[in-house]
Amino acid sequence: MYLRLAQRLASAAAILLPQLCLQAGLIWPTPNPAFQNGQSIEAFIQSTASGVPESGLFGCVRSSGARFHEGLDLFPVDRDRSGEPTDAVYAVLPGRIVHVSKTAGHSSYGRYIVVEHDQQVPAFHTLYAHLASFGDGIMVGARVDSGAKLGIMGRSASYSIPRTRAHLHFEIGFRLTNDFQGWYDRQQFGSKNRHGMWNGMNLVSINPLDFYESMRQGQVSDLYEYLKLIPAIARIRVHTADVPDFVKAYPALVTRPYAGKPLVAWDIAFSQYGVPKEWTPRFAEEAIDGRLGDVKILAYSPTLLKQQDCRRVLDMGGTKPKISSGTLSTLKKLFGFK
Ligand SMILES: [Zn+2]
């Protein structure tokens with residue numbers, strides 16, 4: 001009797017599981033069902049003035065491939081009488097609100113919210129930009145469930161977005177350092193950092209649409225698996241005995257234990273667009289060459305680098321690849337290099 005019940009439960013689970021696994025609590029950030037319905041990007045991606053749908057995707061999609069767009073632009077499906085969007089913007093997973101920027105002119109993101117998904121491993125964040133207004137109870141520290149209404153889609157920004165191109169700019173990513181302010185002060189920008197460590201310059205992102213597609217196809221069941229799946233474009237060794245904030249914030253990205261060991265370097269695998277996605281600590285007993293402060297390219301993919309017109313982790317100009325200015329800036333933030 002008991003066995004039969006167990007068997008019945010098992011078969012019920014087998015029916016339910018594929019659906020649960022595919023979704024894993026992850027929802028789409030807007031009410032537009034087009035992606036879930038398998039429609040093409042024209043049905044949900046907001047293009048730039050070019051009118052080319054790809055210009056609203058993640059990647060080297062702007063200025064003929066020369067300029068990077070670090071998120072997805074999603075258009076509204078409902079508008080009020082004056083043509084402004086009325087679509088709600090939803091938290092895509094449970095988490096904690098870590099940043100709310102209320103003044104449109106303080107960022108090119110306009111009014112934006114960052115949610116840290118602290119129950120995920122690694123605890124990545126999602127970012128929701130250009131909002132018209134915020135939902136009830138939206139404040140730093142508030143917990144949100146998957147599907148919580150964060151606000152209303154809009155077109156707020158430090159520049160002007162026409163009503164016809166109002167959209168949600170959506171990112172999935174990681175913050176490089178908790179001491180972003182230290183880096184910011186050293187740059188002498190002459191303006192105030194109003195976003196703490198949730199300033200866009202401190203954030204690195206993955207391709208949200210590719211992640212959602214991989215989830216939908218069942219290729220991966222979470223972001224951790226997705227990071228394993230995407231290729232490393234370069235491996236860079238940094239000689240230091242320090243443990244960066246990034247490693248402490250995302251310990252799941254470290255390949256082996258380092259506590260109590262004599263750390264001499266980190267071998268870091270970078271994704272195509274510069275996410276330091278895998279960290280291998282190196283120890284004194286391994287007797288690797290190099291001195292404190294050395295930065296070395298260990299390996300790279302010429303094929304992938306050549307395919308890319310912007311945001312390259314390495315520059316391929318000369319005979320030998322060089323660390324790009326973008327990667328140098330990332331390393332400065334990660335390690336506090338001056
Ligand atoms: Zn955008």
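Small disclaimer: the values here were computed from a predicted structure and weren't measured. Ligands are counted one by one from 1 in listed order, and the atoms in each one are counted from 1 as well.
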Give every residue pair that meets the disulfide bond (SG atoms under 2.5 Å apart) criterion with at least one member in residues 299-338, sequence neighbours excluded. C60-C310

Of all N/O/S atoms in H169, which lies nearest to the Zn ion (ligand 1)? ND1

Can you name the side chain to side chain contact (heavy atoms under 4.5 Å, CB included) partners of K228, sequence neighbours left out? Y224

Between the side chains of T126 and H117, is a donor N or O closer than 3.5 angstrom to an acceptor N or O? yes

Does any N, O or S atom in H69 come within less than 2.8 Å of the Zn ion (ligand 1)? yes

Around atom CG of D136, are there more than 12 heavy atoms of other residues, nucleotides or ligands at under 6.0 Å? no

The Zn ion (ligand 1) - name of the N/O/S atom of D73 that sits closest to it: OD1

